[in-house]
Amino acid sequence: LADGVLYALIGGEEIRPATKPSATPGLGHWPWGMWEGHEYADPPTNLGFGRNLVAINPATKKIIWNHKEEEYLDSRGVCMSGDRIFCYSPEKVLASVYASTGEVLWRNSDAELLKAIGPNEKAQHYVTGYATSTYVKSNHDYVFFAGPQRARLVVASAADGKLAWQKEYGNFQLVLRDDAIYAAGPQTSGGQSEPPAQ
C-alpha cells in the first residue's frame, strides 16, 4: 500500500498445506520438514506465484491498472521503490513496471544475470532459514537478491536490470540504508561458512 494505492500480485489456487496438530502441550509451531508447496515445484500452484500485477483503489475497490506477464512471477521476488515495481520470474526474467501506469520500463533475461541469480535453493532449516522468505529488495539504484534460497548475493541495476556485481554465498538478510547495505547471515563459529546440508 503506497500513496493510497494497493499493489498486488494475483495468481490462481495455491497448494494448501495440511494442518498438522502439535503433540507438544502448550504453544504449537511449524515443523522444519518440507510442507506441501514449500518446495516450489509447480509455478501455477506455488505459494505466492501469479502472472497479474494490479493496482487497486482501496476506497472504491476499482482496478486502476492490470499488467499480465507470460511467465509466473514469484511474490518473494517482488518489491517496490518509488514509482517502480520490480518483479522476478525464477530463471526466466527480471522486469520493472511503472507503479503509476503498469507499463513495462524494462525486461531483462540476460544469460549472465540469470546465471548469477541461479536457481532457487531449498530453504527449510532452523539455521539457514525458511522457504517462504522474500529474497528481493530494492532502492533507487539497485535490485538485490539475497536470502535463504540464494547461493550468491546478486545485485542488478535498477535502471535496466543488468548485472552490477555478485558475491559468493547469498543467505543474508539485507538492511538497505543511504550510507551502506548491511547484511546479516547465519551465525557460525569462525566467520562465513557453508550452511549445513539439508
- Message: Can you give me the closest heavy-atom contact between Asn46 and Glu14, atom names plus distance?
- Response: O-CG, 3.7 Å
- Item | Polar side chain donor-acceptor pair, Ser100 to Asp83, under 3.5 angstrom | yes
- Side-chain heavy atoms under 4.5 angstrom apart, residues restricted to Ile, Leu, Val, Met, Phe, Trp, Tyr: same cluster for Val5 and Ile63? no
- Any donor-acceptor pair under 3.5 Å linking the side chain of Asn139 with the backbone of Asp141? yes
- From Asp110 CG over to Lys115 NZ, what is the distance, rounded to the nearest 0.5 angstrom? 13.5 Å
- Query: Counting distance only, does the side-chain N/O of Thr60 pair as donor-acceptor with the main-chain N or O of Lys62 below 3.5 Å?
  - Reply: yes
- Relative to the ring of Tyr7, is the ring of Trp65 parallel (under 30°), tilted (30 to 60°) or perpendicular (over 60°)? tilted
- Message: Pair Lys162, Asn108 - check side chain to side chain contact (heavy atoms under 4.5 Å, CB included), show working.
- Response: CA-CA 7 Å; Lys162 290 184 179 175; Asn108 191 331; 3.9 Å; yes
- Message: Looking at every heavy atom in both His140 and Ser81, which two are closest together, and how far apart are they?
- Response: N-OG, 3.6 Å
- Message: Once side-chain contact (heavy atoms from CB on, under 4.5 Å) is applied, do any residues pair with Arg177, and if so which ones, sequence neighbours excluded?
- Response: Val175, Asp179, Tyr182
- Salt bridge check: are Arg107 and Glu69 linked by an N-O gap of less than 4.0 Å? yes
Could you list the donor-acceptor pairs under 3.5 angstrom formed between side-chain atoms of residues 85-98 and any protein atom two or more places apart in sequence or on another chain?
{"unit_1": "Tyr88", "atom_1": "OH", "unit_2": "Glu91", "atom_2": "N", "d": "3.0"}
{"unit_1": "Ser89", "atom_1": "OG", "unit_2": "Tyr72", "atom_2": "O", "d": "2.8"}

- Message: Tell me whether Glu36 contacts the main-chain N or O of Ala18 through its side chain, where contact means a donor paired with an acceptor under 3.5 Å.
- Response: yes
- Under 4.5 Å between side-chain heavy atoms, hopping through other hydrophobics if needed: is there a path connecting Phe172 to Leu176? yes
- Would a 4.5 Å heavy-atom cut-off, applied to side chains only, mark His38 and Leu47 as touching? yes
- Sub-3.5 Å donor-acceptor pair from the side chain of Arg76 to the main-chain atoms of Ala131, do we have one? yes
- Minimal non-hydrogen separation, Gln166 against Ala116, with atom names: OE1-CB, 3.6 Å
- Query: Is Leu174 reachable from Phe145 through a run of I, L, V, M, F, W or Y residues, each pair having side-chain heavy atoms under 4.5 Å apart?
  - Reply: no
- Message: Could you report the tightest heavy-atom contact between Gln149 and Tyr130, atom names first, then the distance?
- Response: NE2-O, 4.2 Å
- Task: Answer whether the closest heavy-atom distance between the side chains of Val104 and His67 falls below 4.5 Å.
- Result: yes
- Note on the structure: Between Gly161 and Ala156 the two heavy atoms that sit nearest each other are O-CB, 3.7 Å
- If you group Ile, Leu, Val, Met, Phe, Trp and Tyr by side-chain heavy-atom gaps below 4.5 Å, do Leu163 and Trp106 land in one group? yes
- Looking only at non-hydrogen atoms, find the nearest pair between Gly48 and Leu9 and report the distance. O-CD2, 3.7 Å
- Does Glu39 CD have over 12 foreign heavy atoms under 6.0 Å away? yes
- Side-chain contact, heavy-atom cut-off 4.5 Å: Gln173 with Pro148? yes
- Query: Who pairs with Arg150 by salt bridge (Lys or Arg N to Asp or Glu O under 4.0 Å), at least two apart in sequence or on another chain?
  - Reply: none
- Message: If hydrophobic clusters are built by linking Ile, Leu, Val, Met, Phe, Trp and Tyr wherever their side-chain heavy atoms come under 4.5 Å apart, do Ile64 and Leu105 end up in the same one?
- Response: no
- Going by atom types only, do Tyr135 and Asp74 share a side-chain donor-acceptor pair under 3.5 Å? yes
